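Quantities reported herein were computed from a predicted structural model and do not represent experimental measurements.
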Amino acid sequence: MHTKKKQVTSNAVTIRRSKSRLRKVFTVLLLALAVFFITTARWAFTMWSNLKLEEIIYELSTPLQGTGSGIIRSFLLCCILPTVIAAVLMILFLVRKKGKALAVSNWIMILSGVGIASAFFTAWFRLDVTSYLKNANTDSTFIEDNYADPKNVTLTFPEKKRNLIYIYLESMEMTYADEDNGGGFTFNCIPELTSLAEENEDFSGSETTLNGAYAMNGATWTMGGIFAATSGLPLKTGLGNNAMVGQSQFFPSITTLGDILKDQGYNQVFMCGSDATFGGRKLYFTEHGDYTIYDYIYARDNGWIPSNYKVWWGFEDKKLFSFAKEQLTKLASEDEPFNFTMLTVDTHFPNGYVCDLCPTTFGSNQYANVMACSSAQVDDHRDLRRSPDDGRGLLQRRLL
């Protein structure tokens, strides 16, 4: 009988110890999750102040390959590192303060739960998930009523086709102009682009200051803007019927600018200073128009830059414009008309990349200086607007 009591007592002690260990493990995990969710939410909304749920859903369907090293480093320092530190400190405390572990773990679990809930609801309201879910389950005829399918439209090209040079400026907005010119600041970060827009078509209608088009849902981030500008459609993928699953196709049933120009015999090129795989850009441009892709990977593998060279997302815009001029010279010497599309990267939010051309006009305001640098570089390369082929050049600029 005595032996049985000892055995029961021993089993009870073992069970209590097991529960205690599980409780400690659960406390550490819950704390780690709380710190991770809170820091990630704060980091994401700091990096992308106008982040949309549709952008997150799209990015979840695309490979992370090509993500800028600065973005990855920032995420590791701002989110992963605090999570690891919090977990380690909690483990050390629970191991050394055995007597106080139970009481402390109760408070930690409560506070962690509150933190997770806070991060969840912050993300929910900032991303306006309620409206997204409501819209996702509501039938709309907007595209049906407004979209003109190129398959059903007769397009007539002149016998002597014009070339197209299309420059996308990363994260650029008319906002960076001064208020007198329709911008949002007391100073003008982009005077050259402001003048260029006001001298030409800036889609401001009858207004005398910069205004521009309304950014529709599905077109408010880089790939969304590129897709919308060249297809006339918003980049909406959805989780349930995602047309991007596996990244094997990029909306194969639609007709885009690249498809149209390919059928007209255009030689098409897409150039960027980052890995074109990021965001599905390479897949999109190769599938719709069979573009030749000149990106960071191509430049590295073909001796345009040293094999170990990498800054920011790949190589800076100073080099991009130089490479662009070289390729345009080659394209202009050929008989076929061409469509040369390029995407800058130095102005990527939140702070941009400072190259040796960047001014210090705006003091410690790095992003303003980077924007000014981008504006000046575009102005310095205005000759991109006209290729040396008897004046058939045409420039379009898309501000992302």
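With hydrogens and angles left out, the side-chain atoms of Tyr176 and Ser375 include no donor and acceptor closer than 3.5 Å. With no hydrogens or angles considered, no side-chain donor-acceptor pair links Lys318 and Tyr353 at under 3.5 Å. For the residue pair Thr255/Asp259, the side-chain donor-acceptor check at 3.5 Å is not satisfied. Checked by atom type, the side-chain pair Thr222/Glu170 shows a donor-acceptor distance below 3.5 Å. One side chain, Asn339 or Gln268, offers a donor N or O that lies under 3.5 Å from an acceptor on the other. Side-chain atoms of Ser274 and Arg281 include a donor-acceptor pair closer than 3.5 Å.
Residues Ser231 and Tyr147 approach most closely at O-CE1, 3.6 Å, considering heavy atoms. Across all their heavy atoms, Ala34 and Ile116 have their closest contact at CA-CG1, 3.6 Å. The shortest non-hydrogen separation linking Leu210 to Ala197 is CD2-CB, 3.6 Å. The nearest pair of heavy atoms linking Phe362 to Cys189 is CZ-CA, 3.9 Å. Considering all non-hydrogen atoms of both residues, Ile305 and Phe315 come closest at CD1-CD2, 4.1 Å. Scanning all heavy atoms of the two residues, the minimum distance from Cys79 to Phe36 falls at O-CD1, 4.5 Å.
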Report task. Could you give me the CA-CA distance, side-chain angles and deciding distance for Asn267 and Glu334, then say whether side chain to side chain donor-acceptor pair (under 3.5 Å) is met? Result -> CA-CA 9 Å; Asn267 189 355; Glu334 299 175 359; 2.9 Å; yes
Requested in this report: Let me see the working for Lys319 and Tyr296 under side chain to side chain donor-acceptor pair (under 3.5 Å), right down to the final yes or no.
Outcome: CA-CA 11 Å; Lys319 289 182 171 59; Tyr296 166 71; over 6 Å; no
Query raised in the report: Does the side chain to side chain contact (heavy atoms under 4.5 Å, CB included) test come out yes or no for Thr186 and Asp178, once each step is laid out?
Result: CA-CA 5 Å; Thr186 56; Asp178 59 321; over 6 Å; no
Report task. Step by step, work out the side chain to side chain contact (heavy atoms under 4.5 Å, CB included) result for Phe75 and Thr40. Result -> CA-CA 8 Å; Phe75 177 74; Thr40 298; 4.0 Å; yes
Query raised in the report: Stepwise, does the side chain to side chain contact (heavy atoms under 4.5 Å, CB included) test hold for Asp379 with Leu193?
Result: CA-CA 7 Å; Asp379 187 62; Leu193 288 178; over 6 Å; no
Query raised in the report: What's the verdict on side chain to side chain contact (heavy atoms under 4.5 Å, CB included) for Cys78 and Thr39, showing C-alpha distance, side-chain angles and the deciding distance?
Result: CA-CA 7 Å; Cys78 297; Thr39 55; 5.8 Å; no
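Under a hydrophobic clustering in which Ile, Leu, Val, Met, Phe, Trp and Tyr are joined whenever their side-chain heavy atoms come within less than 4.5 Å, directly or via other members, Val378 and Leu357 fall into different clusters. Following chains of ILVMFWY side-chain contacts shorter than 4.5 Å, one cannot reach Leu30 starting from Ile38, and the two form parts of different hydrophobic clusters. Ile85 and Ile80 are assigned to two separate hydrophobic clusters, defined by single-linkage of ILVMFWY side chains at heavy-atom distances under 4.5 Å. No continuous path of hydrophobic side-chain contacts links Leu29 to Leu89 [ILVMFWY only; heavy atoms under 4.5 Å]. When the side chains of ILVMFWY residues are joined at heavy-atom separations under 4.5 Å, either directly or via intervening members, Leu320 and Val269 end up in a single hydrophobic cluster.
Under the 3.5 Å distance criterion, the side-chain polar atoms of Asn211 are left unmatched by any main-chain donor or acceptor of Gly205. Here the side chain of Asp295 pairs no donor or acceptor atom with the backbone of Asp275 at under 3.5 angstrom. In this structure a side-chain-to-backbone donor-acceptor pair under 3.5 Å is present from Asn365 to Ala368. At distances below 3.5 Å, not a single donor-acceptor pair connects side-chain atoms of Asn181 with backbone N or O atoms of Thr209.
Separation of the Phe187 and Phe185 ring centroids falls under the 6.0 Å cut-off. Remark: aromatic rings of Phe349 and Tyr367 are close, center separation under 6.0 Å. Proximity of the aromatic rings of Trp304 and Phe323 is defined here by a centroid distance below 6.0 angstrom, and this criterion is met. Side-chain rings of Tyr168 and Tyr166 approach one another, their centers coming within less than 6.0 Å. Taking the six-membered ring for Trp, Tyr294 and Phe270 have ring centres at least 6.0 Å apart.
Counting heavy atoms of neighbouring residues, nucleotides and ligands inside a 6.0 Å radius, atom CZ of Phe157 exceeds 12 of them.
Side-chain contact between Trp313 and His348 is present, with at least one heavy-atom pair separated by less than 4.5 Å. For the pair Thr347 and Leu169, the minimum side-chain heavy-atom distance is 4.5 Å or more. Between Leu81 and Leu76, every side-chain heavy-atom pair lies at or beyond the 4.5 Å cut-off. A 4.5 Å side-chain heavy-atom check between Tyr284 and Thr256 finds at least one atom pair inside the cut-off. Under the 4.5 Å side-chain criterion, counting only non-hydrogen atoms from C-beta, Thr344 is in contact with Phe321. In this structure the side chain of Phe338 reaches within 4.5 angstrom of the side chain of Leu328, judged on heavy atoms. At least one side-chain heavy atom of Ile254 sits less than 4.5 Å from a side-chain heavy atom of His288. Taking 4.5 Å as the limit, some side-chain heavy atom of Trp312 sits within range of a side-chain heavy atom of Asp346.
One distance of note links SG of Cys355 with CD of Gln377; it measures 5.0 Å at 0.5 Å rounding. Distance CG/Asn188 to CD/Glu179: 11.0 Å, rounded to 0.5 Å. Annotation: the span from Ser374 atom OG to Glu192 atom CD amounts to 9.5 Å, rounded to 0.5 Å. Thr277 contributes atom OG1, which lies 5.0 Å from atom NZ of Lys282 (distance to the nearest 0.5 angstrom). Taken to the nearest 0.5 Å, the CG atom of Leu233 stands 11.0 Å off from the CG atom of Asn146. Summarising the geometry, atom CG belonging to Asp301 is positioned 9.0 Å from atom OG belonging to Ser307; distances are rounded to the nearest 0.5 Å.
As a member of the Ile/Leu/Val/Met/Phe/Trp/Tyr network built from side-chain separations under 4.5 Å, Ile110 groups with nothing else and remains a singleton. Cluster note: Val370 groups with Val354 through ILVMFWY side-chain heavy atoms spaced under 4.5 Å, whether in direct contact or through intervening members.
Between Phe227 and Phe250, the two ring planes are tilted [angle within 30° to 60°].
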